[in-house]
Q: 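Take a look at the following structure, please.
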Amino acid sequence: MSQNTTPRAARHPSPRNKRAAAVVGVGHTDWVEDWKRCRNGERPNDSYGYGLGAFRNALADAKISRDEVDGLIAGPTTAYERLGELAGIDPRWGGQADAVLAVSQAVMAIEAGYAEVVALIYGNDQRSVGTQYGGPDAMGGGAFLSYVYHSPWGFTSQGALYALTLQSYKHARGFTEAEMGEVSVAQRGWSSMNPNAIMRKPITLDDYLGSAFVCEPLHLFDYCLINDGGVALIIAEAERAKRMTDRPVFIEGVGRSDLNRGATSLEPRIDQFYLPAQQEAAAQSYAVSGLGPRDMDILQVYDSFSVHVPLALEGYGYCGIGEAGKFLRESRIGPGGKLPTNTSGGHLSETYMQGWAHQIECVRQLRGECGERQVQNARHVHYTSDVAGKCFSVIYGR
Amino acid sequence: MNVIDAKSPRPVMGLYDQPLWESVNARGMKLQRCAGCGNWLYPPGPSCPSCLSCELVWTPLSGRGRIVSWVVFHRHYLPAYPPPYNAVAVRLEEGPTMISNLEGAMPGEDSIGRAVRLVYATMPDGMILPRWALA
Ligand SMILES: [Zn+2]
């Protein structure tokens, strides 16, 4: 396959200010209650209703008035204008973005002086309206040709893309089915201590290995939940954040790197496991923050499927290439492990908020608000995502 | 609806896809090849991703490739595809990767790296689909 002619290591990050912005408020909806109601056939809210519910909670958490907000980012599942209308916000800067891009854009807008207090609002009624991530009515094909191009061969669903990734990864690295199982077992261990989590019953490796395949080699427990809900964050310019709250959570560094070449045929996933882009995104964020993997107390990984986690462990520098299986078995990522990872239970067990809930878990761990699942004295939390080859690295600190 | 009645999922038909499916129907699959740098395109497109040239020539494939990954679907997503059924990622001798199916055997532990050859399957509704069989 074609390779980038510029070595990735040679593309230096441009200088940016670390700690230019901080999270001052977070909020979410009652995922557990809405899960029960959706399972009962109800529609508790639409995407806007969930987003607004989370926004009210974030304002209350920040203890600020809506009038202080001068920037607005809507998540990908609501129209920007209608969300702004319902939120009653006429900002001087705005946009629409997925979770990690929203955080990144908020930081950029604040650094550039376009906004000082940015509200990030996400709501999704995917469960109650039956959003399909596979089959004849699969969503997302307009933005990602790979989601729909291979359907004549029966190749459909988000899970299939990651199943194909895991199969070649197992072959390339000698990664085993049991090592993959460590991820969902560990995350269920975390969610069992999280009252906000939808799935709280602990599972064992035997439960994992004995569970049905959906798209082999992925088991049911490797898949994210599909549920309704909302998440909101308020991000403010750092000096203002310090005046607003005595517990700001700073964004220490952001890195991004994409792999688009060969994307429709899934080459960046099945040949490269997103590794070069993860490494470059990591290098950027580590350079800006002056931090590295050893400084991280917690890792949060975008986990639509469990296989994101071993890829992230290698790509963002937590272990050597080919060592993720050993790391999962020996160092461990669950409660009591060396690298607490997805401490809320993540998409697999807490709530599928498409990366948004991971941001507020980063914030709450750094504020020390996580109760039974709290990682003691957490100072730095690393969020990583590699959705469709858009690799991000965001470091939060207090 | 049973499998015989189920319509095969339709291919994405962008502006550049028609010649590909015409060549498949003629059982001689072609892809665009760049006259400038020799790069092969899949899926079809307006210009060459390697050199940005628009001089693309529809050229027959050798029909040779190797399996680089595989999956088995155990859930019923599409009416024409009752589970279990497989999908394979094949690296064409020409370079591109194609997601398709393996005919004649289910893939397994030793499949990755195996040589495969292009075959043309006729679906129950008459659609002709390029697939792969162990070489
Ligand atoms: Zn070319």
Side-chain angles (χ1 to χ4, degrees), chain A residues 1-5 132-138 141-142 144-172 176-177 211-220 223 260-273, chain B residues 7-12 14 17 21 24 37 39 41-43 45 48-51 67-92 95-102 106-113 121 123 127-132:
Chain A
M1 63 167 288
S2 55
Q3 292 292 338
N4 200 324
T5 49
Q132 296 296 306
Y133 294 95
D137 304 310
F144 299 100
L145 191 55
S146 60
Y147 291 5
V148 294
Y149 199 80
H150 315 295
S151 64
W153 295 271
F155 189 84
T156 185
S157 80
Q158 287 291 305
L161 308 182
Y162 290 97
L164 206 60
T165 305
L166 176 58
Q167 194 76 269
S168 58
Y169 179 75
K170 286 172 74 176
H171 181 81
T176 69
E177 186 177 15
S211 70
F213 286 121
V214 178
C215 186
E216 186 181 346
L218 290 181
H219 289 266
L220 179 63
Y223 282 65
N260 295 323
R261 296 179 190 216
T264 301
S265 292
L266 310 172
E267 290 176 9
R269 304 168 192 247
I270 61 181
D271 290 347
Q272 300 176 284
F273 316 115
Chain B
K7 232 170 138 48
S8 299
R10 297 292 98 186
V12 170
D17 290 287
W21 289 98
V24 166
C37 75
N39 183 47
L41 274 67
Y42 185 75
C48 171
S50 286
C51 72
I67 296 174
V68 291
S69 192
W70 59 273
V71 299
V72 175
F73 289 85
H74 293 267
R75 184 168 287 190
H76 203 169
Y77 288 102
L78 298 160
Y81 279 95
Y85 64 95
N86 73 70
V88 289
V90 172
R91 175 74 23 82
L92 309 183
T97 304
M98 181 179 172
I99 311 299
S100 181
N101 312 109
L102 184 67
M106 283 299 250
E109 288 299 316
D110 61 347
S111 290
I112 292 179
M123 302 297 284
M127 181 179 172
I128 297 175
L129 208 53
R131 285 180 163 169
W132 298 83

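A, B, ... follow the sequence lines: proteins, then strands. Residue 1 opens every chain.
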Q: Is it the backbone or the side chain of B/Ser100 that comes under 4.5 Å from a heavy atom of chain A, or both, or neither?
A: both
Q: When rounded to the nearest 0.5 angstrom, what is the spacing between CD in B/Glu109 and NZ in A/Lys170?
A: 6.5 Å
Q: If we define contacts as heavy-atom pairs under 4.5 Å, which of A/Thr264, A/Thr156, A/Ile270 has the most with chain B?
A: A/Thr156
Q: For chain B, find which of A/Tyr169, A/Tyr149, A/Phe155 contributes the most heavy-atom pairs closer than 4.5 angstrom.
A: A/Tyr149
Q: Select, from A/Ala212, A/Ala138, A/Ala160, A/Cys215, the one with the greatest count of heavy-atom pairs under 4.5 Å involving chain B.
A: A/Cys215
Q: Under the side-chain contact (heavy atoms from CB on, under 4.5 Å) rule, what do B/Tyr77 and A/Val214 come out as? Steps first, then yes or no, please.
A: CA-CA 11 Å; B/Tyr77 288 102; A/Val214 178; 3.6 Å; yes
Q: Identify which part of B/Tyr42 has an atom lying under 4.5 Å from any heavy atom of chain A, answering side chain, backbone, both or neither.
A: both
Q: For each of A/Gly134, A/Ala172, A/Pro136, A/Gly159, tally heavy-atom pairs with chain B at distances under 4.5 Å, and name the one with the top tally.
A: A/Pro136
Q: Quick one: closest heavy-atom pair of A/Pro152 and B/Tyr81, and the distance?
A: O-OH, 2.6 Å
Q: Chain A heavy atoms under 4.5 Å from B/Pro84: which part of the residue, side chain, backbone, both or neither?
A: neither
Q: So does A/Glu267 get a backbone contact from the side chain of B/Thr97, meaning a donor-acceptor N/O pair under 3.5 Å?
A: no
Q: Side chain, backbone, both or neither: which part of A/Leu218 has an atom under 4.5 Å from a heavy atom of chain B?
A: neither
Q: Give, as side chain, backbone, both or neither, the part of B/Pro11 having an atom under 4.5 angstrom from any heavy atom of chain A.
A: both
Q: Can you name the side chain to side chain contact (heavy atoms under 4.5 Å, CB included) partners of A/Val148, sequence neighbours left out?
A: A/Leu145, B/Val12
Q: Quick check: closest heavy atoms across B/Val71 and A/Pro217, and the distance to 0.1 Å?
A: CG1-CD, 4.4 Å
Q: What part of A/Leu161 lies closer than 4.5 angstrom to a heavy atom of chain B: side chain, backbone, both or neither?
A: neither
Q: Output all residues satisfying side chain to side chain donor-acceptor pair (under 3.5 Å) with A/Gln158, sequence neighbours left out; order by chain, then residue number.
A: none
Q: Please test B/Val68 against A/Ser168 for side-chain contact (heavy atoms from CB on, under 4.5 Å), starting from the C-alpha separation and ending with a verdict.
A: CA-CA 7 Å; B/Val68 291; A/Ser168 58; 5.9 Å; no
Q: With side chain to side chain contact (heavy atoms under 4.5 Å, CB included) as the test, pick out the partner of A/Trp153 among B/Ile99, B/Asn101, B/Asn86.
A: B/Asn101
Q: Output the option from B/Pro130, B/Ala121, B/Pro96 having the highest count of non-hydrogen pairs under 4.5 Å with chain A.
A: B/Pro130
Q: Any idea which heavy atoms bring A/Leu164 and B/Ala89 closest together, and the distance?
A: CD2-CB, 4.0 Å
Q: Are A/Phe213 and B/Arg75 packed together at the side-chain level, in the sense that at least one heavy-atom pair is separated by less than 4.5 angstrom?
A: no
